[in-house]
Undergrad: 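Submitted below is the structure of interest, expressed as structure tokens.
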Amino acid sequence: MADKRKLTIAVSALNAIDSPGPGVAVIRALREAESFDVKIIGLAYESLEPGIYMHDLVDKTYQFPYPSAGVDSVLERLEYIHEKEKLDVLIPNFDAELYPFIKLESTLREMGIQMCLPTMQQFEERHKMNLNEFGEKYDILVPKSKNLNDISEIHRIEEDFDFPVLIKGKYYDAHVAYNVEQAKTFYNRISAKWGYPIIVQEFVHGMEYNVTGLGDGTGKTISAIPMRKQYITDKGKAWGGISISDKRMLDLTDKFISQTKWRGGFELELMKDKENKFYLLEINPRMPAWIYLSVGVGHNIPEALVKLALGEKVEPFGDYKVGKMFVRYAWDMIVDMKDFQIISTLGEL
Amino acid sequence: MNIKSNIALSDSGFIFNPDTGESFTVNPLGASIISYLKEGKTVADITIELTKVYEIDANTLEKDTEDFLGLLKNFSLLTDG
């Protein structure tokens with residue numbers, strides 16, 4: 001049997017913590033790819049991101065500047081890493097990273113680093129801040145929301161919303177507020193961490209569902225896997241989930257991909273209300289932390305995403321296994337102090 | 001009223017609805033009723049089958065079966081057809 005080609009792939013979001021980044025799950029999927037072998041280069045923001053120390057998954061990790069450091073800093077660091085590692089593909093897995101990486105896409109392509117990302121227009125219009133317009137444009141049911149840039153506006157939210165409401169950050173964080181006082185507290189807490197605007201969103205009561213999938217940029221659905229959250233942490237993250245076959249969720253996903261011509265991985269966050277209507281709460285423009293379930297149901301989405309990044313033709317996966325569950329767990333790794341010291345001082349391990 | 005064709009029922013009485021991801025457990029009698037429904041039997045047919053096994057009058061059994069079907073309907077396990 002011929003040897004599989006070997007690709008060097010950089011992956012971010014190695015923070016496999018209680019609110020996990022998708023990086024480790026993406027890497028697990030890439031390690032099981034049938035069409036290539038991988039050398040994995042981790043990109044880490046903090047010295048205690050668990051993926052840094054998972055040497056059976058990650059071959060080498062480099063400290064990486066936060067997106068807030070600016071596009072130039074990100075590029076400078078990538079040039080350094082690329083010189084040493086000769087990257088073939090880069091998979092950014094944080095929402096906040098996507099803006100600089102979409103900006104850098106053509107520069108990186110010229111350097112020989114391929115990515116499979118949404119366009120800047122797709123990235124912007126699916127933003128939480130623009131969800132109302134998105135729902136209207138693509139005829140998708142979304143909860144009513146409003147962007148706030150001044151705390152004084154909090155006192156007037158009762159004019160537009162009934163409590164409870166969701167108070168959400170631009171990129172992360174969401175809290176349910178039952179009165180103006182709570183809304184104010186969450187407004188201050190989230191704005192201090194993530195900046196403005198703060199999004200107030202109608203609270204839809206119901207059952208939480210997610211879909212992860214992959215669009216090829218032409219409007220074709222390469223994969224769509226609906227999942228019902230079975231166990232939810234106090235941070236609202238799925239700690240257990242099961243693949244399901246709801247046709248309406250699949251139709252909604254096809255509609256999202258075909259109309260936006262979405263390119264890359266994504267996660268749709270949905271709520272089914274008591275009248276069985278699905279509301280689209282959020283569109284995350286990257287693969288979710290539970291992406292390894294896609295491998296479990298027979299669609300290796302990260303592998304297909306790499307092939308799309310390399311400009312290869314990828315056919316839709318088709319059917320998937322229904323009733324496959326993921327159950328997340330936490331475990332303690334024993335790490336030599338030397339490793340921590342090296343990544344902290346030299347910025348690479 | 002029919003049970004949805006894709007509803008999975010195990011020998012131990014575990015029910016999985018692949019559309020919603022919900023799961024339920026039923027006792028052996030509930031599992032028997034669901035199995036009969038999957039075979040396309042009506043409430044009248046089911047009543048006849050069960051009175052052969054259980055010492056109960058047909059009227060009570062029919063009423064209890066209808067109640068059980070109401071429960072299945074509430075959990076979206078039945079189709080209207």
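Chain naming here is simple, since letters A, B, ... match the order of the sequence lines and numbering starts at 1 in each.
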Undergrad: Name the region of Lys272(A), side chain, backbone, both or neither, that has any atom closer than 4.5 Å to a heavy atom of chain B.
TA: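 Answer is side chain: those atoms of Lys272(A) sit under 4.5 Å from chain B.
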Undergrad: What parts of residues 5-25 of chain B touch chain A if we use heavy atoms and a cut-off under 4.5 Å?
TA: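 Within residues 5-25 of chain B, the residues under 4.5 Å from chain A are Asn6(B), Phe16(B), Pro18(B), Asp19(B), Thr20(B), Gly21(B), Glu22(B).
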Undergrad: Would you find more than 12 non-hydrogen atoms of other residues, nucleotides or ligands less than 6.0 Å from Lys73(B) atom NZ?
TA: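 12 or below, so no.
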Undergrad: Do other residues, nucleotides or ligands put more than 12 heavy atoms under 6.0 Å from the OH atom of Tyr231(A)?
TA: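 No, because the 6.0 Å sphere around OH of Tyr231(A) holds 12 heavy atoms or fewer from other groups.
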Undergrad: Does CG belonging to Asp162(A) count more than 12 external heavy atoms closer than 6.0 Å?
TA: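 Not buried by this count: 12 neighbours or fewer within 6.0 Å.
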Undergrad: CG of Asn27(B): more than 12 outside heavy atoms within 6.0 angstrom?
TA: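 Enclosed.
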Undergrad: List in chain and number order the residues that pass side-chain hydrogen bond (donor to acceptor under 3.5 Å, both in side chains) with Glu32(A), two or more places apart in sequence or in another chain; answer none if no residue qualifies.
TA: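 Partners of Glu32(A) under the side-chain hydrogen bond (donor to acceptor under 3.5 Å, both in side chains) test: Tyr292(A).
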Undergrad: Does a sphere of radius 6.0 Å around NZ in Lys4(B) hold more than 12 heavy atoms from other residues, nucleotides or ligands, not counting ones at 6.0 Å or beyond?
TA: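 Yes - once you tally the heavy atoms of other residues, nucleotides and ligands closer than 6.0 Å, there are more than 12.
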